[in-house]
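Worksheet for the structure shown next.
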Amino acid sequence: MATFLYSIGRFAFRRRRLVALVWVALLALAGVGAATASTATSNSFSIPGTEAQRAFDLLEERYPGQSADGASARVVFKAPEGEKITAPENAAEVSGIVKELKEGSDQIATVADPFDKKAPAVSQDGTTAYISVTYDVSSFELTEETRDSLENAGNDAREGGMTVEIGGDALMVMPETGITEVIGVVVAGIVLVITFGSLVAAGLPLITALIGVGIGVSTITALASVMDLGSTTATLAMMIGLAVGIDYALFIVSRYRAELAEGREREEAAGRAVGTAGSAVVFAGLTVVIALAGLAVVNIPILTKMGLAAAGTVVLAVLVAITLIPAFLGFAGERIVSRKDRKARKAAAEQAAATGEVLVADAPRDNGGTRWSRFVQRRPVMVLLAGVIGLGVIAIPATSLEMGLPDDGAQPTSSSPRKAYDLLSDGFGPGFNGPLVGVVDLKNSDDQDAVLQRITGEIQKNDHVAIVTPPAPNQAGDTAMFQVIPKDRPNSTETETLVHDIRDLGDTLKSEDGAEVYVTGATAMNIDFSEKMNDALLPYLALVVGLAFLLLMVVFRSVLVPLKAALGFLLSVVAALGAVVAVFQWGWLGGLFGVEQPGPIMSVMPILMVGVVFGLAMDYEVFLVTRMREAYVHGESPAQAITTGFRHGARVVTAAAVIMIAVFAGFIGSSEQMIKMIGFGLAIAVFFDAFVVRMAIVPAVLALLGKRAWWLPRWLDRALPDFDVEGDKLRKKLDGKATEGGSGKEERETVSV
């Protein structure tokens, strides 16, 4: 592996114009594809294998012509204090708005008058009413004129003193990340300047990362309509791609500068940097790809697409790092090194030329990384206990984790959808915002009317039910649909119990009469989704950790190092989940992170964090520990190897972690709760994993293990392929060439890597 990547690095350095042209062409091609592609018109959500999805599919089959993908809205009215919405002047105002909405757009399918005697939509106390609006197209296909007519529908009523709020997905817009995303990139740039002391060296990782992300996100945009990719897919890919793209470039540029400092010629330094640090990049990228692509085992299409899209962006980041980075290093010339270092190197060369001495690399000097590693090795037990106990305490809130999918009740209290949600809840009951849809398949039933009466009667007796609407048969008479309004809020355990009670009743009816009863709707989908996430978490964790364990065993030629890496990851991800629960569910420091309304954690969050954080955590494990492995293979003692690893890797890993935290934290400013939560969760997880697990717990455990850390049974050593990640074979090969070449410049290029 190292030898192959060494050749790629030298080729890219020599043929830099060709390599750069290829990447620019790919960026242009992806950009043209994104610009000319049709806009994604669907954000479909399905959960294969669940009862809610089977019921949804049955409705589409048995009730043709009723579009399930059309946008919807509710215009909610509350009469002024002391008045009724049914008062003649208020009722006339509402009826006028019904007419106005019908004439406001040709995209409207239906507008339901709240005073229609067949289906009234007025609260029992007569103070609240709502107009239901459905559209023929999805929210993404609504025109600006249609949106404007809906937004302006209640203006006259508001002027008359009524409260008018609008909920539903008709006014849903693409999420905004805000200025904080830009701030994250700016912070990354500042960290790079501090790390390298050179604007050229700092700008190179940013430029190459943006090229890789640009290609990835543009490709996703171009394929969004064809593959039904939601807006969150591109955002997650951008988030992951930008973070790893900067980090991978950072490690290779840092290694290149180290090779230059040891006296290498520029092309040789580029080759060795890609051959050594590039090997770590490839395997670190593989762990991220495994974790993200592994989301497919959950069998949730939207999650699979998000994972594969983000994995594709990571692959691009790896390819950019091992090809475009060495090409740009060729363009950068001596400016990749700070002006101070260039002057010092020039002065040393002039002195060597004047005295006739051979210029050699300076002896390694102590830095913050070496001092920290020695401190940890002197007190490994104390550091280990402090790290484990500290993360364990932070993880405690995770034991109170409540999961759900966000609805308008999770919106900021200042937003119109949230106000509409609260008005409906106050006027019609907490369960009104989460109605259950019952579907009865009557094909195998002998007495359909009796079955429907029994079903609705039994459901109405349930203590958690407020209203059961009369069943509405389809034209064929083989299916009936009804609504159940729970007494409790959609995310409550009581509503979840009600869903299971109705399904148990359906099982009884199927065995007795042959009729099948299903429960669907947004609330039932939410419950099924959460249960499926819970059921899939352990198998997914076992698959991802198992595959990555094998991969890391190949990288480190050790059993205990990969095991320690996996256990450290579990500690950091549980602690991160605890922090997410504390902020987003309990509301601690919520104002600091823009959390206006605490509530359940999104069902997708735990499994998504496991996938993404595991891949990113292994990045730092690979980058830091491969340098230790390299030193150990080249003859250093276990203790010296830890110190060497920190001497070369601590500063760069710290910079990489700060950059990744800054990039993820930039998405906390998003207007969409899911993106905000993911950004916070990933940022805090990287902080815990990089600075507590990898920088403290890892060296403490390695210090306690000593030589045993690098133990691998002989039979397993022979069975595992040797990819030469630490570059030992590459070093011997290059040393051999230098020996054959004699003396002079080639000899000076054989300084140990």
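Side-chain atoms are counted along with the backbone in the values below, which use heavy atoms only and exclude waters and symmetry mates. Start at 1 with the first residue, then count along the sequence.
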Does the pair Leu624 and Met695 meet the rule for a side-chain contact (heavy atoms from CB on, under 4.5 Å), with working shown?
CA-CA 9 Å; Leu624 192 60; Met695 301 290 283; 4.3 Å; yes
Under the side-chain contact (heavy atoms from CB on, under 4.5 Å) rule, what do Val298 and Leu537 come out as? Steps first, then yes or no, please.
CA-CA 8 Å; Val298 183; Leu537 184 57; over 6 Å; no
Trace of the side-chain contact (heavy atoms from CB on, under 4.5 Å) decision for Val610 with Phe569:
CA-CA 9 Å; Val610 166; Phe569 149 74; 4.0 Å; yes
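Closest heavy-atom contact between Met553 and Val559: SD-CG2, 4.0 Å. Considering all non-hydrogen atoms of both residues, Ile668 and Lys676 come closest at O-NZ, 2.9 Å. The minimum heavy-atom distance linking Val561 with Ser558 is given by the pair N-OG, 3.2 Å. Nearest approach of Ser572 to Val693, heavy atoms of both residues: CB-CG2, 4.0 Å. Taking both residues in full, the closest heavy atoms of Arg694 and Gly568 are given as NH2-C, 3.9 Å, listed atom of the first, atom of the second, then distance.
For Phe549, the CZ atom is densely surrounded, since the number of other residues' heavy atoms within 6.0 Å is greater than 12.
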Can you give each donor-acceptor pair under 3.5 Å made by side-chain atoms of residues 576-595, sequence neighbours left out, with the distance rounded to 0.1 Å?
{"from": "Gln585", "atom 1": "OE1", "to": "Glu402", "atom 2": "N", "distance (Å)": "2.9"}
{"from": "Gln585", "atom 1": "NE2", "to": "Ser400", "atom 2": "O", "distance (Å)": "2.7"}

Listed pairs under 3.5 Å, donor-acceptor, residues 200-213 side chains, sequence neighbours left out:
{"from": "Thr208", "atom 1": "OG1", "to": "Leu204", "atom 2": "O", "distance (Å)": "3.0"}
{"from": "Thr208", "atom 1": "OG1", "to": "Pro205", "atom 2": "O", "distance (Å)": "3.2"}

Review item, side-chain donor-acceptor pairs of residues 679-686, under 3.5 Å, at least two apart:
none

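In this structure, OG1 in Thr370 is found 10.0 Å from NE2 in His648, a value given to the nearest 0.5 Å. Ile659 contributes atom CD1, which lies 11.0 Å from atom CD1 of Ile190 (distance to the nearest 0.5 angstrom). To the nearest 0.5 Å, the span separating CG on Leu385 from CD1 on Ile697 amounts to 10.0 Å. Remark: Glu496 CD to Asn526 CG distance equals 9.0 Å, nearest 0.5 Å.
The existence of a salt bridge linking Arg272 and Glu630 is excluded, since no basic side-chain nitrogen approaches an acidic carboxylate oxygen closer than 4.0 Å.
Of the N and O atoms on the side chains of Thr643 and Glu636, not one donor lies less than 3.5 Å from an acceptor on the other residue.
A side-chain hydrogen bond (donor to acceptor under 3.5 Å, both in side chains) with Tyr620 is found for exactly one of Thr654, Asp247, Asp689, namely Asp247.
Using cut-offs of 30° and 60° on the angle between ring planes, the pair Tyr632 and Trp710 is parallel.
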